[in-house]
Amino acid sequence: MLTWALVITGTLLLIPANVLPVMTVIYLGSGDPSTIVGGALELYHNGLWGIALIVFVASIAVPVMKLVGLVLLCLIVQRRWDVSPRQAMRVYRVVNAIGRWSLLDLFMISILVALVDMGAIAEVAAGAGSTAFATVVVVTMFAVRAFDPRLIWDVVEEKHIAEEKIAAAQVRGKENSHRENG
């Protein structure tokens with residue numbers, strides 16, 4: 001239940017994280033706020049496609065993939081989906097591992113804000129989008145920690161117990177049928 005609450009919170013916070021400006025670069029007295037997508041596109045158009053790809057992956061793809069993975073894991077456990085436990089554990093490990101990469105974007109903003117403070121010439125200010133994005137990162141990290149991967153194996157165990165009960169009932173039914181006929 002806690003994992004669901006954290007996943008929903010993270011999903012809702014993705015909206016302001018991607019809509020609100022994450023930073024404003026002011027150069028010689030003028031500057032425009034930039035969103036995550038806008039920043040990645042600006043980097044791409046300026047020929048910095050490698051950095052643009054890193055920003056896109058770390059800031060958009062990773063959080064979305066992490067939330068989708070967490071939703072799948074929660075549904076597997078809650079709905080008792082018939083999924084290979086090894087595949088579900090692989091999803092869990094990937095979700096757990098990729099979460100740290102979202103911090104890369106915040107690290108870059110922090111460095112920019114700290115280093116680029118040249119008074120009247122240039123200034124970088126973090127925006128509300130970066131706060132929302134940081135919260136998404138932290139909330140999804142908590143969601144991964146709140147999810148108990150042993151529940152995946154409990155689903156498999158419950159299915160095996162149910163199958164054994166059905167098989168035992170079928171054997172008893174055949175034995176009763178033989179007694180009545182014999």
Side-chain angles (χ1 to χ4, degrees), residues 1-27 29-78 88-149 151:
M1 199 66 156
L2 176 61
T3 305
W4 270 118
L6 293 169
V7 167
I8 292 168
T9 302
T11 303
L12 291 174
L13 284 170
L14 267 181
I15 297 166
N18 286 296
V19 173
L20 296 175
V22 290
M23 70 177 158
T24 303
V25 178
I26 301 169
Y27 185 70
S30 66
D32 293 322
S34 181
T35 62
I36 293 172
V37 175
L41 288 174
E42 193 171 323
L43 288 167
Y44 177 77
H45 291 303
N46 288 324
L48 301 170
W49 56 270
I51 297 173
L53 182 65
I54 291 170
V55 169
F56 176 80
V57 169
S59 304
I60 297 169
V62 167
V64 170
M65 287 174 19
K66 191 171 183 180
L67 287 167
V68 167
L70 284 165
V71 167
L72 282 173
L73 290 169
C74 288
L75 288 173
I76 288 168
V77 169
Q78 188 174 16
M89 286 303 295
R90 198 169 296 138
V91 169
Y92 175 75
R93 286 188 196 105
V94 168
V95 165
N96 192 25
I98 66 173
R100 295 177 197 100
W101 288 100
S102 294
L103 293 171
L104 178 66
D105 199 46
L106 294 171
F107 183 66
M108 289 175 18
I109 292 171
S110 301
I111 289 175
L112 277 173
V113 169
L115 293 179
V116 183
D117 187 14
M118 298 179 181
I121 298 171
E123 182 182 340
V124 175
S130 57
T131 304
F133 183 75
T135 308
V136 170
V137 172
V138 171
V139 163
T140 56
M141 288 175 127
F142 284 147
V144 172
R145 296 288 177 229
F147 181 80
D148 186 359
L151 295 174

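When reading the values below, keep in mind they use all heavy atoms of this one structure, side chains included, and skip hydrogens, waters and symmetry mates. These numbers were taken from a predicted model, which means no experiment stands behind them. Residue numbers run from 1 in the order of the sequence given.
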Undergrad: Should Val7 and Leu67 count as side-chain neighbours, where that means a heavy-atom distance under 4.5 Å?
TA: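 Touching, per the 4.5 Å side-chain cut-off.
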Undergrad: Which distance, rounded to the nearest 0.5 Å, do you find between the CH2 of Trp4 and the CG of Leu75?
TA: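 These two atoms lie 4.0 Å from each other.
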Undergrad: Compare every heavy atom of Ile60 with every heavy atom of Pro63, then report the nearest pair and how far apart it is.
TA: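 That would be CD-O, 3.4 Å.
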Undergrad: Looking at side-chain heavy atoms only, is the closest gap between Val57 and Val62 below 4.5 Å?
TA: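 Yes, close enough: below the 4.5 Å cut-off.
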Undergrad: Can you name the nearest heavy-atom pair linking Ala17 to Val136, along with the distance?
TA: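 That closest heavy-atom pairing would be CB-CG2, 4.4 Å.
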Undergrad: Can you measure from CZ (Phe147) to OG1 (Thr3) and round to the nearest 0.5 angstrom?
TA: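 So the gap between those two atoms works out to 7.0 Å.
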Undergrad: To the nearest 0.5 Å, what is the distance between CG on Leu48 and CG on Leu53?
TA: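 It is 12.5 Å, given to the nearest 0.5 Å.
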Undergrad: Could you tell me the separation between the CZ atom of Phe142 and the CG atom of Leu2, rounded to the nearest 0.5 Å?
TA: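 Answer for the CZ-CG pair, Phe142 versus Leu2, is 10.0 Å.
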Undergrad: Please report the shortest heavy-atom distance between Ser34 and Gly39, naming the atom on each side.
TA: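 The answer is OG-N, 3.2 Å.
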Undergrad: What pair of heavy atoms forms the shortest contact from Ala88 to Ile76, and how long is it?
TA: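 Nearest pair, atom of Ala88 first, then Ile76: CB-CD1, 4.1 Å.
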Undergrad: Indicate yes or no: at least one non-hydrogen side-chain atom of Met23 is less than 4.5 angstrom from one of Ser130.
TA: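 Answer no - side chains too far apart.
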Undergrad: Among Ile36, Leu20, Val138, which residue meets the side chain to side chain contact (heavy atoms under 4.5 Å, CB included) test with Phe133?
TA: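 Result for side chain to side chain contact (heavy atoms under 4.5 Å, CB included) with Phe133: Ile36.
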Undergrad: Looking at residues at least two apart in the chain, or sitting in another chain, which of them share a side-chain hydrogen bond (donor to acceptor under 3.5 Å, both in side chains) with Trp49?
TA: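 If we apply the side-chain hydrogen bond (donor to acceptor under 3.5 Å, both in side chains) test to Trp49, skipping adjacent residues, there are no hits.
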Undergrad: Do Asn96 and Arg145 have side-chain heavy atoms sitting under 4.5 Å apart?
TA: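 They are in side-chain contact.
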Undergrad: Quick one: does Met1's side chain get under 4.5 Å of Gln78's, heavy atoms only?
TA: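 No; the side chains remain at least 4.5 Å from each other.
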Undergrad: To check you understand the geometry: which heavy-atom pair defines the closest contact between Val95 and Gly69, and what is its length?
TA: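 Looking at all heavy atoms of both residues, the closest pair is CG2-CA, 3.8 Å.
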Undergrad: Looking at side-chain heavy atoms only, is the closest gap between Phe56 and Val37 below 4.5 Å?
TA: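 In short, these two side chains do not touch, never coming nearer than 4.5 Å.
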Undergrad: Quick one: NZ on Lys66 to OG1 on Thr11, what's the gap to the nearest 0.5 Å?
TA: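 Answer for the NZ-OG1 pair, Lys66 versus Thr11, is 12.0 Å.
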Undergrad: Measuring from atom CG of Leu13 to atom OG1 of Thr140, what distance do you get when rounded to the nearest 0.5 angstrom?
TA: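 Between atom CG of Leu13 and atom OG1 of Thr140 there are 10.0 Å.
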